[in-house]
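Reviewing the structure listed below.
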Number of protein chains: 2
Amino acid sequence: MVSGSRASEFQDTMIKRAKGVTISQVADAAGVARSSVSRAFTRPDMLLPETVERILKAAEALGYVPNHTARALSTGRHGNIGLIVPDIANPFFPPLIQAAQLEADRSDFCIFLGNTEENPKQEDKLVGRFAGQVEGLVLTSSRLSDERIRAHASQLPLVLINRDLEGIPRVLIDSGSGVRQAVEHLAQLGHRKIVYVSGPSNSWSNKQRRAAIRTAASSFRMELEVVPAVLPSYSSGRNVVDAILSAGATAAIAFDDVTAQGVLAGLSERKVAVPATFSLIGCDDVLGAVTYPGLTSISNRSNEAGRLAISLLLEMLSNRSIRDVRYVLETHLVVRGTTAAAG
Amino acid sequence: MVSGSRASEFQDTMIKRAKGVTISQVADAAGVARSSVSRAFTRPDMLLPETVERILKAAEALGYVPNHTARALSTGRHGNIGLIVPDIANPFFPPLIQAAQLEADRSDFCIFLGNTEENPKQEDKLVGRFAGQVEGLVLTSSRLSDERIRAHASQLPLVLINRDLEGIPRVLIDSGSGVRQAVEHLAQLGHRKIVYVSGPSNSWSNKQRRAAIRTAASSFRMELEVVPAVLPSYSSGRNVVDAILSAGATAAIAFDDVTAQGVLAGLSERKVAVPATFSLIGCDDVLGAVTYPGLTSISNRSNEAGRLAISLLLEMLSNRSIRDVRYVLETHLVVRGTTAAAG
DNA sequence: GACTTTCATGCAACCGGTTGCATGTCAAGT
DNA sequence: ACTTGACATGCAACCGGTTGCATGAAAGTC
C-alpha cells in the first residue's frame with residue numbers, strides 16, 4: 001500500500017545545525033557584559049536608552065534569538081501549557097483546542113496537546129510526561145479518578161473543563177439550561193413520551209444531562225425512557241434506533257450531536273420521516289448546521305470553555321495562587337429542522 | 001452570557017510549587033557524585049549494577065524526576081516536535097494529529113500543536129515561536145511560499161505533508177489515483193459533463209486534484225467545468241450549488257468531503273435528488289460514513305501520512321542527516337450512496 | 001569641598017543536568 | 001613483585017541565560 005520512493009537514493013546530507021548566536025557573542029559585539037544584554041531584553045528600563053539601542057543593534061546584526069530553554073532553566077518559566085483531551089476526533093474538541101490555542105497565543109504561550117484515546121492510563125502517563133515541561137495543565141473531560149486529579153493538582157497548576165471537583169478551578173458547560181428548553185420545546189409541540197439516548201457512564205456531562213432531562217420531563221408531565229448508547233459515536237446512535245422506536249416515543253434527545261446523527265441515519269433507513277413523524281434533538285451543536293434537515297441541538301460553547309480555561313490558568317500562573325473558582329457556561333436550545341409537532 | 005461564579009470568593013491559596021528534587025540531592029543520599037546519578041539514568045552500563053541500583057533506590061525514595069529543561073540545555077535535545085496544521089476543525093486533520101502523536105509517543109517525544117487558521121502569517125509566526133523549543137517540525141498542507149519553507153528548513157529539521165518541495169523530506173497523499181477511479185466511475189455511469197468544485201488556490205492538494213481530474217476527464221472524453229469554492233468549508237460548498245447546477249453537469253467532484261457536504265445540503269434544499277438526478281463525490285473520506293445517503297468519496301490516509309511524517313522526522317533527528325525522500329500514499333475510490341447512473 | 005545618594009553597569013553564582021578527562025582500584029600478564 | 005590495562009567513579013567545565021550584590025562615576029546636599 002505504501003508506495004515509498006526516494007527521489008534520489010544517495011543524496012543524504014548532514015544537517016548543519018543552526019549554531020545559535022549566544023548572549024556572550026552579542027555582549028562582545030556591543031562591548032558590554034552578558035548581564036547587560038540579558039537586561040536589554042528583559043528589563044530595558046534598568047539600562048541607559050542608548051546602551052539598550054546599541055545592544056539591540058548588535059543583536060539584530062548577529063541574528064541573535066534568546067534561547068528559550070536556557071531562560072526556562074534559570075527562571076523556571078517556560079511559557080508552555082498542556083492541554084489534554086480524550087479524543088481529538090470528536091468534533092466537540094477541535095473548536096475548544098482552537099480557542100485555547102488562540103488565547104494562549106495572545107500571551108505568548110505555546111500549547112502541548114495530549115490525546116488520551118479515552119484511556120485513563122494514557123491520560124495519567126501524558127500528565128506525567130507533560131509535567132516537567134509545562135507551567136500548567138488543562139484537563140478536558142478527564143476520565144481520571146478524583147484522587148489522581150487531586151494528586152496532579154498538587155504538583156502543578158491545573159484547570160478542569162467539564163469536571164466538577166471542589167477546590168480545583170473548573171469550567172463547566174451546563175447543559176441543564178439547554179436541556180430544560182429542549183424538553184419544554186418538545187412539550188409545546190405536543191410530545192408526551194420522549195427518549196434520552198445516553199452517553200458514557202463515567203462522563204460528568206452525561207450524568208448532568210440525564211438528570212436535567214429527568215427533572216424537566218417530570219415537571220412537564222412527560223414520560224421518559226433512557227436508552228443507553230455505549231459510546232458517543234455515529235454507529236452507537238445508529239444501533240439504538242430500534243430500541244428508540246420500540247419504546248413508543250415520538251421524540252428523542254441524544255447525548256451529543258454525533259450520536260444524534262447516527263440516530264438520524266437509522267431513522268432515515270427505516271423510512272421514519274424526520275421531523276414529520278419523529279422529532280430529534282442533539283447536544284453540543286457541532287453538526288447542526290451540516291445535516292439536512294438541520295439538526296435541532298443544544299448549544300455547545302466548547303470554544304468559550306477552552307478560552308476561559310486557558311485565561312484562568314494564565315491568571316493562576318501570574319498570581320502564583322489558586323482560587324477555588326467554578327465557572328458555569330449556560331447553554332440554550334437551537335431550533336432547526338428536526339423538530340416539529342407530534343404526529 | 002458567561003455566568004461566572006466563584007464558589008468561595010476569598011479562598012485564594014498560594015501555590016506551593018513542587019520544589020523539584022535535584023540530582024545533587026540524590027547524589028548525597030546515595031553517597032556518589034552528581035555525574036554518577038546522571039549516568040545511572042542515561043548510561044547505566046558505565047556503572048556497576050549495584051551502584052545503579054543504589055542510586056535508583058535513592059532517587060525513588062526522594063521522588064526524583066529528571067528535569068527536562070536542564071537536560072535539554074546541555075544536550076540540545078528536548079524531545080519535542082512541532083506539528084502545524086491549517087485548521088484543526090477540518091475533519092481531515094484530527095486523525096492525522098492523532099496518528100502523529102501516537103507515533104511520537106512511541107519514542108517519548110511530545111507534540112507541540114500549532115493551528116494557523118489557514119493564514120500564512122500566523123503560520124510563519126508559529127514556526128518562529130516553535131523553532132526554539134522543538135527539535136523538528138512537521139508542516140501539514142502548508143500555505144507558506146516555497147522560499148519561506150526553505151528558509152525554515154535550513155534552520156531546523158522539517159518534514160512536509162502534502163507539499164512537494166524538492167530537497168525537503170515530504171509525505172504526499174496522491175489523490176490522483178483515486179480521482180482517476182472517480183472519474184472513470186462517473187463515466188461508466190453515463191455522466192458526460194462533470195464539475196470540479198475546487199479548494200484553496202495555494203494548496204498543493206487542490207492543484208494536484210484539479211490536474212488529475214482534467215487529465216482523466218479528457219481521457220474519457222467528458223466535459224469538465226471548474227467551479228471555485230474559496231475555502232474548504234461547508235458554507236463554501238453550499239454557496240456554489242447554483243453555479244454547479246447552472247453549469248449543466250450531472251455530477252460533481254468536490255475538493256474535500258466538507259465542501260461536498262455543503263454541496264449535498266445545498267442540493268437537498270433545491271430539491272435536487274441525490275443520487276437520482278445528480279451524483280456527488282467527495283475527497284478525504286472523512287464524512288462518508290456519517291451522511292445520509294453515505295457520501296461516495298476518495299480515501300484519505302491522513303493518519304498514515306501523520307505517522308509516516310513523524311517517523312521520518314525522528315529518523316532524521318537520530319541520524320542528524322536529511323535524505324531527499326518523497327513518500328507517496330496512493331488513494332482509491334470508496335463508492336457509497338451519492339453516485340448513480342446519469343438521469 | 002567633603003559626604004551622601006542615585007543609578008548604570010559589571011561580576012559571579014546559580015538554574016540542573018551532561019560529559020571529557022583525570023584518578024584510583026583491582027585483576028591479569030610477565 | 002611490577003607493570004599494564006580495564007574500568008568504575010569523581011572532578012570540573014559547560015550549556016545559555018538570569019539576578020543579587022558590588023563598584024564606581026555622576027549628581028545632589030550642606
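Throughout, protein chains are lettered first and strands after them, A, B, ... in sequence-line order, and every chain is numbered starting at 1. Quick caveat, the model's predicted, so the values are computed rather than measured. Hydrogens, waters and symmetry mates play no part in the numbers below; they use all other heavy atoms, side chains included.
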Checklist entry - Any donor-acceptor pair under 3.5 Å between the side chain of A:Arg39 and the base of D:dG17? => result no
Checklist entry - Going by distance alone, is a donor N or O of one side chain under 3.5 Å from an acceptor N or O of the other, for B:Glu135 and B:Asn80? => result no
Checklist entry - Rounded to whole angstroms, how far apart are NE2 on B:His78 and C1' on C:dG17? => result 15 Å
Checklist entry - Counting any heavy atom closer than 4.0 Å, what does A:Val32 reach on the DNA or RNA strands: base, sugar-phosphate only, or nothing? => result sugar-phosphate
Checklist entry - Where the side chain of A:Thr42 is concerned, which of D:dT18, C:dC11, C:dT19 is the nearest nucleotide? => result D:dT18
Next on the checklist: In whole Å, I'd like the distance from the CZ atom of B:Arg77 to the C1' atom of C:dT19.
Outcome noted: 16 Å
Checklist entry - Starting at the 5' end of DNA chain D and moving along, which residue's nearest nucleotide shows up first, B:Arg54 or A:Val37? => result B:Arg54
Item to check | Distance, rounded to the nearest Å, where B:Ile55 contributes CD1 and C:dG17 contributes P | outcome: 13 Å
Checklist outcome for this item: Whichever of A:Thr69 and B:Pro49 has the more 5' nearest nucleotide on DNA chain D, that residue is B:Pro49
Checklist entry - Hey, is the side chain of B:Arg34 pairing donor to acceptor with the base of C:dG17 inside 3.5 Å? => result yes
Checklist entry - Within the pair A:Thr51 and C:dT9, is there a side-chain N or O less than 4.0 Å away from OP1 or OP2? => result yes
Checklist outcome for this item: Checking C:dT18, D:dT19, D:dG17 against the side chain of A:Thr75 (C-beta onward), the nearest is D:dT19
Checklist entry - Which part of the nucleic acid does B:Tyr64 contact within heavy-atom distance under 4.0 Å: base, sugar-phosphate only, or nothing? => result sugar-phosphate
Next on the checklist: Does D:dT18 have its OP1 or OP2 closer than 4.0 Å to a side-chain nitrogen or oxygen of A:Ser35?
Outcome noted: no
Next on the checklist: Do B:Ser142 and B:Glu123 pair up side chain to side chain, a donor and an acceptor below 3.5 Å, judged on atom types alone?
Outcome noted: yes
Item to check | Minimum-distance nucleotide (side-chain atoms of A:Ala70 versus D:dG10, D:dG17, C:dA8) | outcome: D:dG17
Checklist entry - Below 4.0 angstrom from OP1 or OP2 of C:dT18, is there any side-chain N or O of B:Ser38? => result yes
Checklist entry - Would A:Asp324 and A:Arg170 satisfy salt bridge (Lys or Arg N to Asp or Glu O under 4.0 Å), going step by step from the backbone distance to the final call? => result CA-CA 8 Å; A:Asp324 184 12; A:Arg170 52 214 185 275; 3.0 Å; yes
Checklist entry - Does atom CD of A:Glu50 have more than 12 heavy-atom neighbours, drawn from other residues, nucleotides or ligands, at distances under 6.0 Å? => result yes
Checklist entry - Tell me: CG of B:Asn67 to C1' of D:dC15, nearest whole Å? => result 13 Å
Item to check | CA sep, side-chain torsions, deciding dist, call: B:Lys57, B:Glu60, salt bridge (Lys or Arg N to Asp or Glu O under 4.0 Å) | outcome: CA-CA 5 Å; B:Lys57 196 142 46 179; B:Glu60 175 70 28; over 6 Å; no
Checklist entry - To the nearest angstrom, how far is A:Asp28 atom CG from C:dG10 atom C1'? => result 14 Å
Item to check | Contact under 4.0 Å: A:Ser74 side-chain N or O vs C:dC14 OP1/OP2 | outcome: no
Item to check | Spacing between A:Arg71 atom CZ and C:dG17 atom P, to the nearest angstrom | outcome: 21 Å
Item to check | Distance-only side-chain donor-acceptor flag, B:Asp124 / B:Gln122, under 3.5 Å | outcome: no
Checklist entry - Side-chain N or O of A:Ser36 less than 4.0 angstrom from OP1 or OP2 on C:dG10? => result yes
Item to check | Separation of D:dT19 P from A:Met46 CE (nearest whole Å) | outcome: 10 Å
Next on the checklist: What's A:Leu48 touching, base or sugar-phosphate or nothing? Going by heavy atoms closer than 4.0 Å.
Outcome noted: sugar-phosphate
Item to check | Per B:Leu47 side chain, nearest of listed nucleotides C:dC11, C:dT19, D:dT9 | outcome: D:dT9
Item to check | A:Arg43 CZ to D:dG20 C1', straight-line distance once rounded to whole Å | outcome: 10 Å
